[in-house]
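Since this is a predicted model, take the numbers as computed values, not measurements. Computed over heavy atoms, backbone and side chain alike; hydrogens, waters and symmetry mates excluded. Count residues from 1 along the sequence.
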Amino acid sequence: MKRIAVVVILAAMLAACQTSEPGLEPIPGSITYGGQPTQRLQKSPVGSILPHTFTDQWGERVRETYIVQPDRSLKLVDRVYLDNPFD
C-alpha cells in the first residue's frame with residue numbers, strides 16, 4: 001500500500017513539472033516591450049524573420065530576432081548581446 005501511495009505522489013509531482021522553457025521576455029528597447037506594436041506587418045509573409053539591433057538600458061548592444069506569427073504579431077525568439085570592439 002505504501003508503494004502505491006509513493007508511486008501516485010511521484011507521478012503527480014512529475015506531471016506538475018514544466019518541461020518547456022519559457023519564452024524570452026522583452027527588455028527596454030525591444031519592439032514588443034510594453035506590448036505588441038500598434039501597426040501590424042501587412043506585407044511581411046507569415047514565418048518571416050525580423051532582426052532588430054538596439055542599445056539596452058545599460059548601454060549594451062543587443063540583437064533580437066522576431067518571427068511574424070499568423071495573426072501578424074511578432075514573437076521574440078532570440079537575443080544576443082554583441083561585443084563592443086572598443087572595450
Side-chain angles (χ1 to χ4, degrees):
M1 187 67 170
K2 288 182 183 180
R3 281 186 172 175
I4 294 173
V6 170
V7 169
V8 169
I9 291 172
L10 288 176
M13 290 173 59
L14 184 60
C17 290
Q18 188 176 15
T19 58
S20 63
E21 83 179 52
L24 290 172
E25 295 294 323
I27 60 174
S30 297
I31 295 174
T32 57
Y33 184 72
Q36 290 289 325
T38 55
Q39 296 177 338
R40 299 287 182 187
L41 300 168
Q42 299 299 324
K43 295 183 179 181
S44 298
V46 172
S48 60
I49 296 173
L50 177 73
H52 176 59
T53 304
F54 63 96
T55 305
D56 70 1
Q57 66 268 29
W58 296 287
E60 300 283 333
R61 289 187 53 224
V62 181
R63 183 179 62 225
E64 292 184 335
T65 305
Y66 297 87
I67 294 180
V68 178
Q69 300 296 295
D71 65 350
R72 302 294 181 188
S73 64
L74 295 174
K75 179 180 179 183
L76 177 60
V77 294
D78 187 42
R79 178 180 297 132
V80 176
Y81 286 88
L82 304 172
D83 292 331
N84 188 350
F86 302 108
D87 281 345

Flag if over 12 foreign heavy atoms under 6.0 Å of CD, Q57:
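More than 12 heavy atoms, drawn from other residues, nucleotides or ligands, come within 6.0 Å of this atom.
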If you draw a 6.0 Å radius around OH in Y33, do more than 12 non-hydrogen atoms from other residues or ligands fall strictly inside?
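No, OH of Y33 has 12 or fewer neighbouring heavy atoms, counting only those of other groups under 6.0 Å.
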Minimum-distance pair of heavy atoms, taken over all atoms of R79 and S30
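R79 and S30 have their closest heavy atoms at NH2-OG, 4.2 Å.
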Show the nearest heavy-atom pair for residues D83 and R61, with the distance to one decimal.
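Between these two residues, the closest heavy atoms are O-NH1, 4.4 Å.
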Please name all residues satisfying salt bridge (Lys or Arg N to Asp or Glu O under 4.0 Å) with R63, sequence neighbours left out, ordered by chain then number.
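R63 satisfies salt bridge (Lys or Arg N to Asp or Glu O under 4.0 Å) with no residue once adjacent residues are dropped.
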In Å and rounded to the nearest 0.5 Å, what is the [atom1] to [atom2] distance from [X] to [Y]?
X	Y	atom1	atom2	answer
K75	L24	NZ	CG	10.0 Å
E64	T32	CD	OG1	6.5 Å
F54	E60	CZ	CD	11.5 Å
T65	L50	OG1	CG	8.5 Å
Q39	R72	CD	CZ	14.5 Å

Is there a path of hydrophobic side-chain contacts, each under 4.5 Å between heavy atoms of I/L/V/M/F/W/Y residues, joining L76 to I67?
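No: no chain of side-chain contacts under 4.5 Å links I67 to L76.
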Within a strict 4.5 Å, meaning less than it, do heavy atoms of the Y81 and D56 side chains meet?
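Result yes, sub-4.5 Å side-chain heavy-atom pair found.
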Look at the side chain of Q36 and the backbone N and O of L74, then say whether any donor-acceptor pair between them is shorter than 3.5 Å.
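Here the side-chain-to-backbone pair exists.
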